[in-house]
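Lettering follows sequence order; numbering is per chain, from 1. This structure is a prediction, so every number in the text was calculated from the model and none was measured.
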Amino acid sequence: MKALDLAITGTGLVLPCGDGLEAARAAWTANTPAFADLPEALGPGRGAACTAFSPSGVIPPLQLRRLDRPSRFAWAAAHQAFLDAGLEPRAMGDRIALAVGTTTAGSEASEAFMRPYLLRGPEGASPMVFPNCVANAPSGHVALAFGIRGPSTTQLDRENACFSALDQARWWLEGGLADAVVVIGVDGLFPLLVELLRRARLAARRGLPRPHGATGFLPGEGAQAFVVEPMASARARGARVRARLSGLACACGPDDGPAARQEALARAVSESLEGRLPRAWIAGANGHPRLDLAEARLARDVPGLPLPCHPKALWGELCGSGGQLLAAALLEAPGPVLVSAPASFGPQAAALLEVLPSP
Amino acid sequence: MERRVVITGLGFVSSLALDREGTWRAMLAGRHGIRDLSKLDLPGEPARRAAEVDLPEGAGAGPRATFCERMARLAATEAQAGSRGLEGLDPRRAGVFQGAGTSGMPIAEAYLEGRLRGGQPRATEAVYQTPAVVTEALARDLGALGPRSTVMNACSSSLLALGQAYERLAGGALDIALAGGAEGLCRTTYAGFASLKAMDPSPCRPFSRDRAGLNLGEASAQFILEPLAQALGRGATIYAEVLGYGASLDAHHPTAPHPEGDGAARAMEMALGMARLDPGEVDLVSAHGTATPANDGAETAAIRRALGAAAARVSVTSSKSQFGHTLGAAGAVGAAVAVLALRDQVVSPTLRLEDPDPACDLDCTPLQPRERRLRAALVNAFAFGGNNVCLALRRWEGA
């Protein structure tokens with residue numbers, strides 16, 4: 001493949017700390033965790049919910065009632081990202097594509113659909129809810145909202161699904177199937193998920209999640225959207241480039257044991273860096289050994305890495321299935337930023353972003 | 001794209017048979033797998049038909065394997081039956097691409113039902129079930145250490161997975177890929193399509209004037225794809241060449257297709273463009289053909305727009321008439337049918353097409369299989385969210 005040279009020209013963030021780049025920057029700079037007792041509707045538990053999220057003025061009320069939470073988050077994040085990039089997607093028609101990564105999209109609606117069905121049979125089934133039961137519901141709603149008519153995918157690859165979406169964006173851009181791709185990481189909390197995490201003892205039971213502290217993690221939600229274009233196209237249209245994506249790799253081990261995942265993540269990081277040394281390191285450890293162990297040996301295996309920063313200690317796991325890691329990288333000072341994105345199973349991912357100074 | 005890509009393995013588990021040739025023979029014999037629903041307990045549902053797969057005990061089994069995973073593993077094993085000579089490949093250049101099916105959904109449903117009844121079902125099994133477990137199981141079986149992709153584009157998922165595998169092989173990033181999809185029945189999808197009034201209580205009738213909706217079905221189709229030069233070098237059986245794919249969004253409606261098939265036509269045109277295929281070379285369209293009132297007319301319009309005058313002599317077939325709608329696996333199933341048709345130069349029939357809809361005025365291969373010259377085929381899969389995917393295939397006639 002060609003050397004990676006893609007530009008991130010727009011970003012939109014819906015995070016538990018608030019909406020937009022400036023809210024994220026303030027929380028990131030202050031290192032303020034967004035965890036709290038979850039709203040009553042989600043059941044007992046702690047996490048990082050987007051309690052301040054307000055789509056009014058962005059999503060028309062008639063559409064709002066048809067959308068599940070992940071679709072609302074994705075719509076708002078895409079709206080910000082297109083404004084930030086100075087792109088009008090409707091005018092691009094089928095030359096703009098959409099790549100979504102998620103762990104939970106569709107699941108909130110599935111629970112909402114099945115609860116009354118299991119209790120009352122067919123008369124409890126809502127035809128309004130069912131279309132949101134598929135994980136590509138956010139993609140469909142975003143396409144409809146912004147007139148996106150190019151290729152689309154929704155990738156379900158666990159905690160780093162957004163990296164899988166980013167990888168597909170790369171193929172479409174390099175293959176000439178699109179001039180720009182909006183990549184979205186999105187997740188939403190729902191009662192059944194909160195209960196499962198609690199009952200399976202995956203969620204931290206007290207205190208804050210501490211990466212490498214064997215505390216367990218806390219769940220989060222949100223959406224992060226990134227407009228990605230070939231660097232030459234971005235320059236040609238005079239776009240402000242927030243970051244250059246110059247490394248991206250996914251790797252797998254022969255099994256899902258800690259050693260295999262460590263080796264796979266180290267390989268992904270090494271392939272992303274290609275000998276370059278990052279100025280900052282955004283890490284995906286979350287407080288649960290499955291992810292923490294995958295990253296535990298990185299500092300030893302890849303000499304010269306700076307100390308890691310851990311967005312999941314502020315905004316939670318899921319929260320965008322790796323999108324929150326890419327968002328944090330964009331909040332760093334200019335320079336090369338490594339993002340490592342371990343997963344509890346399957347592909348381990350990494351990216352190198354060169355954050356560019358604001359004009 | 002630089003390298004030519006061919007299909008050198010095909011596994012097919014369906015409601016007609018648990019293997020490729022058995023399924024294909026049954027299709028050509030005019031059989032279908034749609035029968036009274038037996039797997040799901042759905043009191044009060046008026047539509048009670050589905051194309052179910054019966055797996056013998058132990059078939060495709062793995063640790064905690066779901067039904068989807070078992071079907072996928074069985075089909076993948078058949079697909080890999082001709083993979084001798086691939087042992088020396090770098091496992092880091094082997095990838096697995098899967099269209100997601102319902103996978104662990106029945107486990108989540110059982111958990112929720114247990115809780116609603118006041119029980120204490122185990123949470124650990126439900127929390128780890130995502131469609132990605134099928135992809136991971138297949139990758140472990142194959143020994144693949146390269147990219148893995150689990151696509152959830154609803155009913156076009158597995159066809160996009162095939163497209164992803166193609167572009168990475170053609171682009172030189174991989175040397176072998178396993179791609180496909182698997183779909184099992186679950187209460188959520190059954191009740192969901194029923195709530196949309198999209199289910200036909202009788203076996204479905206694609207392209208018919210009185211078509212009344214779909215039946216759901218179970219299946220898995222899995223493909224081994226590799227570069228042509230490598231396949232020739234190891235003397236592999238070549239089923240067909242993959243020429244390219246197209247993908248588009250309707251941006252029209254969350255569930256209904258564009259009435260004139262705009263997005264579907266654009267996906268087909270994109271596939272033709274990537275394939276460098278003249279519409280006049282396309283002899284077969286393995287259609288999405290769900291038998292819903294909205295789909296079949298829109299798809300006919302899309303085929304007419306994409307193929308132009310050549311649409312008048314193309315053969316169209318809908319395998320939904322044999323297998324029902326296999327949702328996440330439907331694209332891979334449609335591709336398997338097209339590959340076998342290209343190989344044997346015979347179009348499988350659209351069953352129960354006795355009274356064609358004037359709005360579906362193409363040659364939809366009613367009732368009987370038809371032998372004819374088949375050079376290239378398009379495979380369509382469309383989905384909720386306005387997702388459209390089209391795959392272009394060419395008959396393999398030798399180097």
Using the rule given for side chain to side chain donor-acceptor pair (under 3.5 Å), can you reason through T150(B) versus Q155(A), listing the C-alpha separation, both sets of side-chain angles and the distance that settles it, and then say yes or no? CA-CA 6 Å; T150(B) 307; Q155(A) 299 290 136; over 6 Å; no

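- For a residue to count as touching a neighbouring chain, one of its non-hydrogen atoms must lie under 4.5 Å from one of that chain's; by this rule L202(A) touches chain B with the side chain only.
- Inspection of non-hydrogen atoms places L192(A) of residues 180-192 of chain A under 4.5 Å from chain B.
- At distances below 3.5 Å, at least one donor-acceptor pair connects side-chain atoms of N153(B) with backbone N or O atoms of T154(A).
- Contact of E125(B) with chain A is not made at all, since no heavy-atom distance falls under 4.5 Å.
- Contact between P127(A) and L196(B) at its shortest, heavy atoms only, is O-CD2, 3.6 Å.
- Taking OG1 of T189(B) as the start and CZ of F113(A) as the end, the distance is 9.0 Å to the nearest 0.5 Å.
- Among residues at least two apart or in separate chains, side-chain hydrogen bond (donor to acceptor under 3.5 Å, both in side chains) pairs with a member in residues 88-100 of chain A are R95(A)-D179(A).
- Heavy atoms closer than 4.5 Å to chain B are found in both the backbone and the side chain of Q168(A).
- Taking non-hydrogen atoms and a 4.5 Å limit, the residue list of residues 99-109 of chain A in contact with chain B is empty.
- For Y128(B) and R158(A), the side-chain atoms include no donor-acceptor pair closer than 3.5 Å.
- With N387(B) contributing its side chain and T153(A) its backbone, the two residues share no donor-acceptor pair below 3.5 Å.
- One side chain, E195(A) or Y111(B), offers a donor N or O that lies under 3.5 Å from an acceptor on the other.
- By a heavy-atom distance cut of under 4.5 Å, D262(B), R266(B) are the residues of residues 257-266 of chain B near chain A, going up by number.
- Using a 4.5 Å heavy-atom threshold, the side chains of W171(A) and R168(B) count as touching.
- Between the SG atom in C252(A) and the CZ atom in R92(B) there is a gap of 12.5 Å [rounded to 0.5 Å].
- With a threshold of 4.5 angstrom between heavy atoms, A135(A) approaches chain B through its backbone and through its side chain.
- By the 4.5 Å heavy-atom criterion applied to side chains, R115(A) and L116(B) are counted as neighbours.
- Only the side chain of D256(A) comes within less than 4.5 Å of a heavy atom of chain B; its backbone N, CA, C and O stay farther away.
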